[in-house]
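Only a predicted model underlies this, so the values are computations on that prediction, with no experimental measurement involved. Each residue takes its place number in the sequence, starting with 1.
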Amino acid sequence: MKKIYCYTLITSLIIFVSFTLFANDTTTDLSQGNTEEISVEDTLEYGIEGEVVALLKELSIHISPDMFVKLDKRYQSAMLDSTKTAFAQYYARCETIPQSTLDYLYADAQDEYIDQNLKKALYYTIAHHGSIREGNLLLKALDADNEILKKTAADALTKCKDQAIVEPILKRLEISDTSDDMFLESDLKSNLILTLGELGSDQASPYLRSVLEESTSEKAVIMYTMYALAKIGDHQSIHLIDEKLNSSEPRIQEYAAYAMSTFKSPDALPVLKKMLLHNNAKVRIYACQGLVLNQDHSTMDILIYKFKKDPANEVRKEALISMIHMGSAGLAEIKKLHEIKKFSGYYLGVIGQAVSKEPTAENVAFAIELYHEADKAGKEMLAKTIATSQSNVVDPFISLLLDSENYLLRLGGIKAVKLIKDSTLWPRIQSLADSDPVPSVRNNAKRMLDIHS
């Protein structure tokens, strides 16, 4: 009896601590006298560099042009390389930055004497926001002497969005294949191939197919090539990727499976169904995802079987997620399963993950039904997972958290609203900031409003 009691107590503590971390309770210590909230502008103007770095970790990636002016001024006056690095990392997270900001970051990235960690951060930032100018700088860095910066430049190139960089990359790959002096190591070559895939250029397909046809291609290069062909959507490569499912290398099997899971085509369906019987569990997981992409409802029975009986827990989990993503047909099957046997807290969390990833109105409504009938632990599992969504379709669910008697759920709801683009719930956050009975909830609400403004 004591063992059962201890186990229950420990489980409750774990759930409480986990959700406390999730809620990110940043209560001001009133005993220290720091009861006033400081504005973002004040921190940028008067804060020491450590305070500015802390601010950048919380600052929204959707800010006004005027705010960029203030940020740029503080970047350029920073005395510590670590502070500038934090700025570069923040800019890399932003959806867009002004051209003037990009220009001075590009200039700093060319500085031979700049701190290495700062240069690495700048590489990612200029790749994300730049064009052919920035892409060529990164390609040039592949021939530098510094191995760390070479690898960083190759990885950063995968963030480029300008199609104009495709031709220079293909030329560099072809030179590497024919010249010992300009040879690229496997990891650098793989990243260039990955970049071609991320750019989705048909122009790269013939070269990439030739890599799969070449028997001497290295393992990593083969894996990234299949990924790139899948990103491009090159249906002519389906048979080549199918062959790699029979590889003796599990990683090649898994990359082939991932690639197949991304093809939305009748040509892929026979391969995906075959993958459900593969001995590698990750291959079966990708098969589920590929069937969802193709919305093949004829496989619903096998997905139910995989959820109930597959020997791998991760496959059972993926089968449940797949049924949710199958739309009304899949949701109807899940409701039948739930009526027969109520889902555990773990599977409520799985459902929450699926709803967060694809928050249709129907899925959110189902999550709300589950929330109302769930116990405390089940509510927290649903809250933790759905609150990671960035879609305002989940607003009705997050509204439940903001109304909760559990202040930790209200804190989680506040944090969730910050992530949601165009949320309708900001007036609710204002209400919590004005009148919530718990100081930590009021303070967090005020802080979110300050960051959002």
> Just jot down the side-chain hydrogen bond (donor to acceptor under 3.5 Å, both in side chains) partners of Gln390, sequence neighbours excluded, or say none.
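None.
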
> Measuring only between side-chain heavy atoms, which start at C-beta, is Thr101 closer than 4.5 Å to His129?
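Not in contact.
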
> Please name all residues satisfying side-chain contact (heavy atoms from CB on, under 4.5 Å) with Ser217, sequence neighbours left out, ordered by chain then number.
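By the side-chain contact (heavy atoms from CB on, under 4.5 Å) rule, Ser217 matches Val211, Glu214, Ile222.
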
> Near Lys150 NZ, under 6.0 Å, is it more than 12 heavy atoms from other residues, nucleotides or ligands?
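Result for NZ/Lys150: enclosed.
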
> Any pair with a residue in residues 347-363 that passes salt bridge (charged side-chain N to carboxylate O under 4.0 Å, His left out), sequence neighbours left out, goes on the list, sorted by first then second residue, please.
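Sorted result for residues 347-363: empty, none.
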
> Do the side chains of Lys273 and Asp296 get close enough for a salt bridge, i.e. N-O under 4.0 angstrom?
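The answer is yes: the pair qualifies as a salt bridge.
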
> Going by side-chain contact (heavy atoms from CB on, under 4.5 Å), name the residues that satisfy it together with Ala164, two or more places apart in sequence or in a different chain.
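So Ala164 forms a side-chain contact (heavy atoms from CB on, under 4.5 Å) with Ile132, Asp162.
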
> Between the side chains of Asn246 and Gln253, does any donor sit under 3.5 Å from an acceptor?
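Side chains of Asn246 and Gln253: no pair found under 3.5 Å.
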
> Would you say that Val355 contacts Thr385 through its side chain, given a criterion of any heavy-atom pair below 4.5 Å between the two side chains?
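No, every pair of side-chain atoms sits at 4.5 Å or beyond.
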
> Are more than 12 heavy atoms, taken from residues, nucleotides or ligands other than Glu167, located less than 6.0 Å from that residue's CD atom?
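No.
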
> Go through the structure and list residues passing side-chain contact (heavy atoms from CB on, under 4.5 Å) with Asp155, not counting sequence neighbours.
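For Asp155, the residues satisfying side-chain contact (heavy atoms from CB on, under 4.5 Å) (neighbours in sequence not counted) are Tyr124, Thr158, Asn191.
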
> With a sphere of 6.0 Å drawn around CG of Asp375, does it hold more than 12 non-hydrogen atoms of other residues, nucleotides or ligands?
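Yes.
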
> Checking salt bridge (Lys or Arg N to Asp or Glu O under 4.0 Å) between Asp436 and each of Arg442, Lys446, Arg410, which is the one that passes?
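Of all the options given, the one that passes is Arg410.
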
> Decide whether Lys161 and His128 meet the rule of one side-chain donor and one side-chain acceptor closer than 3.5 Å.
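The criterion, which ignores hydrogens and geometry beyond distance, is satisfied for His128 and Lys161.
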
> Do Asp267 and His239 have side chains that get closer than 4.5 Å, going by heavy atoms?
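Side-chain contact under 4.5 Å: no.
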
> Does the ring center of Tyr255 lie less than 6.0 Å from the ring center of Tyr286?
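No; Tyr286 has its ring centre 6.0 Å or more from that of Tyr255.
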
> Under a plain distance cut-off of 3.5 Å, with no hydrogens placed, do Asp395 and Thr424 share a side-chain donor-acceptor pair?
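Checked: Thr424/Asp395 side chains pair up, N/O donor to acceptor below 3.5 Å.
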
> Taking atom NZ of Lys308 as the centre, report whether more than 12 heavy atoms of other residues, nucleotides or ligands fall under 6.0 Å from it.
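It does not: Lys308 NZ has 12 such atoms or fewer within range.
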
> Taking C-beta and beyond as the side chain, do Leu157 and Leu194 meet within less than 4.5 Å on heavy atoms?
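No, every pair of side-chain atoms sits at 4.5 Å or beyond.
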
> Over all heavy atoms of both residues, which pair between Ala268 and Ile238 is shortest? Give the atoms and the distance, please.
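Closest heavy-atom pair between Ala268 and Ile238: N-CD1, 4.3 Å.
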
> What residues, two or more places apart in sequence or in another chain, satisfy salt bridge (charged side-chain N to carboxylate O under 4.0 Å, His left out) together with Lys264?
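With neighbours one apart ignored, the set is empty.
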
> If you count the non-hydrogen atoms of other residues, nucleotides and ligands that lie under 6.0 Å from OH in Tyr224, is the total more than 12?
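No, not enclosed.
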
> Taking all non-hydrogen atoms of both residues, which atom of Val441 and which atom of Leu411 are closest, and how far apart?
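Heavy-atom minimum between the residues: CA-CD2, 3.8 Å.
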
> Applying salt bridge (charged side-chain N to carboxylate O under 4.0 Å, His left out), can you list everything that pairs with Asp403, at least two apart in sequence or on another chain?
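Only Arg428 meet the salt bridge (charged side-chain N to carboxylate O under 4.0 Å, His left out) criterion with Asp403.
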
> Please list all pairs passing the salt bridge (charged side-chain N to carboxylate O under 4.0 Å, His left out) test where one or both residues lie in residues 225-247, with sequence neighbours left out.
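Applying salt bridge (charged side-chain N to carboxylate O under 4.0 Å, His left out) to every pair that reaches into residues 225-247, excluding sequence neighbours, yields Glu198-Lys231, Arg209-Asp234, Asp242-Lys274.
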
> Give every residue pair that meets the salt bridge (charged side-chain N to carboxylate O under 4.0 Å, His left out) criterion with at least one member in residues 316-325, sequence neighbours excluded.
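For residues 316-325, and leaving out neighbouring residues, there are no salt bridge (charged side-chain N to carboxylate O under 4.0 Å, His left out) pairs at all.
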
> Determine, step by step, whether Lys376 and Glu380 satisfy the salt bridge (Lys or Arg N to Asp or Glu O under 4.0 Å) criterion, reporting the C-alpha distance in whole Å, the side-chain angles of both residues, the deciding distance to 0.1 Å, and the verdict.
CA-CA 6 Å; Lys376 180 176 181 290; Glu380 290 177 355; 2.9 Å; yes

> Taking the side chain as everything from C-beta on, heavy atoms only, tell me whether Tyr347 gets closer than 4.5 Å to Phe307.
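A side-chain contact exists here, since the closest heavy-atom pair is under 4.5 Å.
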
> Grab the two heavy atoms, one from Leu348 and one from Leu382, that are nearest each other, plus how far apart they are.
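Closest pair (atom of Leu348, atom of Leu382, distance): O-CD2, 3.3 Å.
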
> Hey, can you pull the donor-acceptor pairs under 3.5 Å for the side chains in residues 331-342, sequence neighbours left out?
| unit_1 | atom_1 | unit_2 | atom_2 | d |
| --- | --- | --- | --- | --- |
| His338 | ND1 | Phe343 | N | 3.2 |
| His338 | NE2 | Glu373 | OE2 | 2.6 |

> According to the interplanar angle, ranging from 0 to 90°, do the rings of His452 and Trp426 count as parallel (below 30°), tilted (30 to 60°) or perpendicular (above 60°)?
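Taking Trp426 first and then His452, their aromatic rings lie parallel (interplane angle under 30°).
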
> Quick one: side-chain contact (heavy atoms from CB on, under 4.5 Å) partners of Ala281, sequence neighbours excluded?
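For Ala281 the side-chain contact (heavy atoms from CB on, under 4.5 Å) partners, ignoring immediate neighbours, are Arg284, Ala312, Val315.
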
> Minimum heavy-atom separation for Ala319 to Lys306, with atom names?
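Shortest heavy-atom contact: CB-CB, 3.9 Å.
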
> Only distances under 3.5 Å count here; give the side-chain donor-acceptor pairs of residues 87-95 to other protein atoms, sequence neighbours excluded, each with its distance to 0.1 Å.
| unit_1 | atom_1 | unit_2 | atom_2 | d |
| --- | --- | --- | --- | --- |
| Tyr90 | OH | Ser60 | O | 2.5 |
| Tyr91 | OH | Asp72 | OD1 | 2.6 |
| Tyr91 | OH | Tyr104 | OH | 3.3 |
| Arg93 | NH2 | Leu56 | O | 2.8 |

> Taking the side chain as C-beta and beyond, is there a heavy-atom pair between Leu173 and Ile169 under 4.5 Å?
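Leu173 vs Ile169: side chains touch.
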
> Taking the side chain as every heavy atom from C-beta outward, state whether Leu71 and Leu59 have any pair of such atoms under 4.5 Å apart.
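Heavy-atom side-chain distance check passes, below 4.5 Å.
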
> Does a side-chain heavy-atom distance below 4.5 Å link Thr152 with Leu138?
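Not touching, per the 4.5 Å side-chain cut-off.
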
> Around atom OH of Tyr305, are there more than 12 heavy atoms of other residues, nucleotides or ligands at under 6.0 Å?
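Open: at most 12 neighbouring heavy atoms sit under 6.0 Å from OH of Tyr305.
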
> Nearest heavy-atom pair of Asn280 and Pro250: which atoms, and what distance?
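Shortest heavy-atom separation between Asn280 and Pro250 comes out as ND2-O, 3.8 Å.
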
> Please report the shortest heavy-atom distance between Pro168 and Leu139, naming the atom on each side.
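The pair with the smallest heavy-atom distance is CB-CD1, 3.7 Å.
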
